[in-house]
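FYI, side chains are in, hydrogens and waters are out, and symmetry mates aren't considered; it's all heavy atoms of this structure.
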Amino acid sequence: MTDAAGELAPTASVEALGYKQELKRSLSLFDLLVYGLVFIVPTAPFAVFGFVYNASHGMVPLVYAVGLVAMLFTASSYVAMARAFPVSGSVYAYAGRSIGESFGFIAGWALLLDYLLLPALVYMLCAVAFASMIPGVPQWVWMVGLLAINTVINLFGIESTARISMALLALQIVLLVLFAAVAIMALMHGTAGAHLSLAPLFNASHISFGLIFNALSLAVLSFLGFDAISTLAEEAHGGGEAVGKATMLSLVLCALLFVAQTYLISLFVLGRTSFAPGRETEQAAYTISAMIGGGWLKFLISIVGIVITGIPAALTAQAATSRLLYSMARDGKLPRFLAYISPTRKVPDLTILAVGLLTLVLFAIFYGKIDRLTSMVNFGALTGFVLLHVSVIAWFMWRRQSGRWVRFLIVPLTGLAIISYVLWNMDQHAQILGVSWLGAGIVIVVLLKLLGKKSALPLE
């Protein structure tokens, strides 16, 4: 099933790759797009605005524009591999079939660091927000309650997850539109000296290659999440083709929202090049929101914003994780009972429940350690991206001998260089913990070999 260029045809089916179609195909391109937008979170820059502002000397929207260009290389690699291998394992499946099954396991193991920890992180943030509104209820009650609700929704099927995600994404867009309307009104009145300026987009007195790339290592983290669309390839009408389109669309749309909202915010702090370390930097966007519209706007952006973005992000993260576990269990890399599919709802029941139980364990381990959890999530995602780019080169240039060297060599090499740079500049604690996690994965690979587990994934 290869085309003239030596690539796997985009019409490849799950059966052609050695599997049965067990999951229910019910997701449209729009559903996948919503899934990607919810996972990335359209309001993500609010949480890191102060940090990116300091690193870029006020050119936050420029950093996000450059970030889009940088992440397009990674998105391009996802498009290529999703078309070649339209299965639910994402980078686990891509690396396993192109580089080798051991690398595939390590890729899946790295993604688990992202996908397993992300729901726990989001629930903790939501619990903090709820506790600030209703302080009489302990944070752990909110965590467990939200986890239980999202787990039940996922058990009802991917359509339920899609409908809930769509409704909460609509609320996020309404919140952004409201913020933009209030900010434009304040801009017209010159609040805090705000006026139209190109300085947030390009400031010649501060611009430099090093400055932009240092800030980029922070901004790239706001884009993480679009990759999870690939875990739904077996549940989407159009398979890998639809996954590729949704991946690109969600990335571009979120980038446009990121640039627009950070430009508006930046107009109210023209003339500043940094915020004071600590709370002023952490709360920068929320403080500016209060300056723009008062305490009520700050409350909506901070507390309500966290809730309506966090709940669907955790919901989709649980769905993505369960599909990754299902794919690994189906190949015998995890206990095979986890590959069980409900005959009526066509969802991986046991992996959904397993993700819920693991999240409870992570609550206990990382309770009160949000910063540490954040760093580990980012390390897992970026490591997966590295193996994604290597997979493109290995599959198309090495195994299929494709002559499209720009598309399948230069583009993934550029993406690999960008992601490697970001990984190199990550927090040292995150690097140590992340490498330790990868080390544990390597030990498991060795044990699987010693136990005589099969060493190849089905191709055709």
Donor-acceptor pairs are to be reported for all side-chain atoms of residues 351-362 against protein atoms at under 3.5 Å, with residues two or more places apart or in another chain.
{"unit_1": "T351", "atom_1": "OG1", "unit_2": "S322", "atom_2": "O", "d": "3.2"}
{"unit_1": "T351", "atom_1": "OG1", "unit_2": "P348", "atom_2": "O", "d": "2.9"}
{"unit_1": "T359", "atom_1": "OG1", "unit_2": "V355", "atom_2": "O", "d": "2.7"}

### Message
Under a plain distance cut-off of 3.5 Å, with no hydrogens placed, do S28 and H237 share a side-chain donor-acceptor pair?
### Response
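Side-chain D/A pair, H237 to S28: absent.
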### Task
Assess the side chains of N154 and T151: does a donor N or O sit below 3.5 Å from an acceptor N or O?
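There is no such pair (donor and acceptor under 3.5 Å, judged by atom type) between the side chains of N154 and T151.
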Contact summary for [X] and [Y], nearest pair of heavy atoms:
X: G239; Y: P86; answer: C-CB, 4.4 Å
X: S197; Y: Y263; answer: O-OH, 2.7 Å
X: D349; Y: S342; answer: OD2-CB, 3.4 Å
X: M397; Y: F408; answer: CG-O, 3.3 Å
X: L350; Y: L338; answer: O-CD2, 4.1 Å
X: Q431; Y: L423; answer: NE2-O, 2.8 Å

### Message
For W296, I'd like to know if atom CH2 has over 12 heavy atoms of other residues, nucleotides or ligands within 6.0 Å.
### Response
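Counting other residues, nucleotides and ligands, CH2 of W296 exceeds 12 neighbours.
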### Neighbour count >12 (heavy atoms, 6.0 Å) for atom CZ, F103
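Incorrect, the count does not exceed 12.
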State whether the side chain of [X] and the backbone N or O of [Y] hold a donor-acceptor pair below 3.5 Å, judged by distance alone.
X: N203; Y: A199; answer: no
X: S327; Y: L324; answer: no
X: Q261; Y: P42; answer: yes
X: Y35; Y: T316; answer: yes
X: R345; Y: F156; answer: no

### Query
In Å and rounded to the nearest 0.5 Å, what is the CG to CG distance from L68 to L256?
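Those atoms lie 7.0 Å apart.
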### Message
To the closest 0.5 Å, what do you measure between CG (L325) and CZ (R330)?
### Response
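Reported to 0.5 Å precision, the distance equals 12.5 Å.
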Tell me if the centroids of the rings in [X] and [Y] come within less than 6.0 Å of each other.
X: F258; Y: F223; answer: yes
X: F226; Y: F39; answer: no
X: W142; Y: Y123; answer: no

### Message
For E282, give me all partners under side-chain hydrogen bond (donor to acceptor under 3.5 Å, both in side chains), at least two apart in sequence or on another chain.
### Response
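side-chain hydrogen bond (donor to acceptor under 3.5 Å, both in side chains) list for E282, sorted by chain: empty.
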#### Entry: Residues E234, R323: salt bridge by 4.0 Å N-O rule
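Result for this pair is no, no salt bridge flagged.
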### Task
Answer yes when E241 and R83 have at least one side-chain N-carboxylate O distance shorter than 4.0 Å, and no when they do not.
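Judged by the 4.0 Å cut-off on N to carboxylate O distance, E241 and R83 do form a salt bridge.
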Could you tabulate the donor-acceptor pairs under 3.5 Å formed by side-chain atoms of residues 104-120, not counting sequence neighbours?
{"unit_1": "W109", "atom_1": "NE1", "unit_2": "W437", "atom_2": "O", "d": "2.6"}
{"unit_1": "Y115", "atom_1": "OH", "unit_2": "D227", "atom_2": "OD2", "d": "2.9"}

For residues 303-315, tabulate all N or O donor-acceptor pairs below 3.5 Å that involve a side-chain atom, not counting sequence neighbours.
{"unit_1": "T309", "atom_1": "OG1", "unit_2": "G305", "atom_2": "O", "d": "2.6"}
{"unit_1": "T309", "atom_1": "OG1", "unit_2": "I306", "atom_2": "O", "d": "3.3"}

### Task
Return the orientation label for the Y286 and F46 ring planes: parallel under 30°, perpendicular over 60°, tilted otherwise.
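Parallel: the ring planes of Y286 and F46 meet at under 30°.
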### Query
Under the salt bridge (Lys or Arg N to Asp or Glu O under 4.0 Å) rule, what pairs show up with a residue in residues 298-315, not counting sequence neighbours?
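Output for this query is empty, none listed.
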#### Entry: Residue pairs fulfilling salt bridge (Lys or Arg N to Asp or Glu O under 4.0 Å) with at least one residue in residues 149-165, sequence neighbours excluded
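The answer is K24-E159.
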### Query
Just checking, R407 and F396: is the charged tip under 6.0 Å from the six-membered ring centre and within 45° of the axis?
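Output no; distance or angle outside limits.
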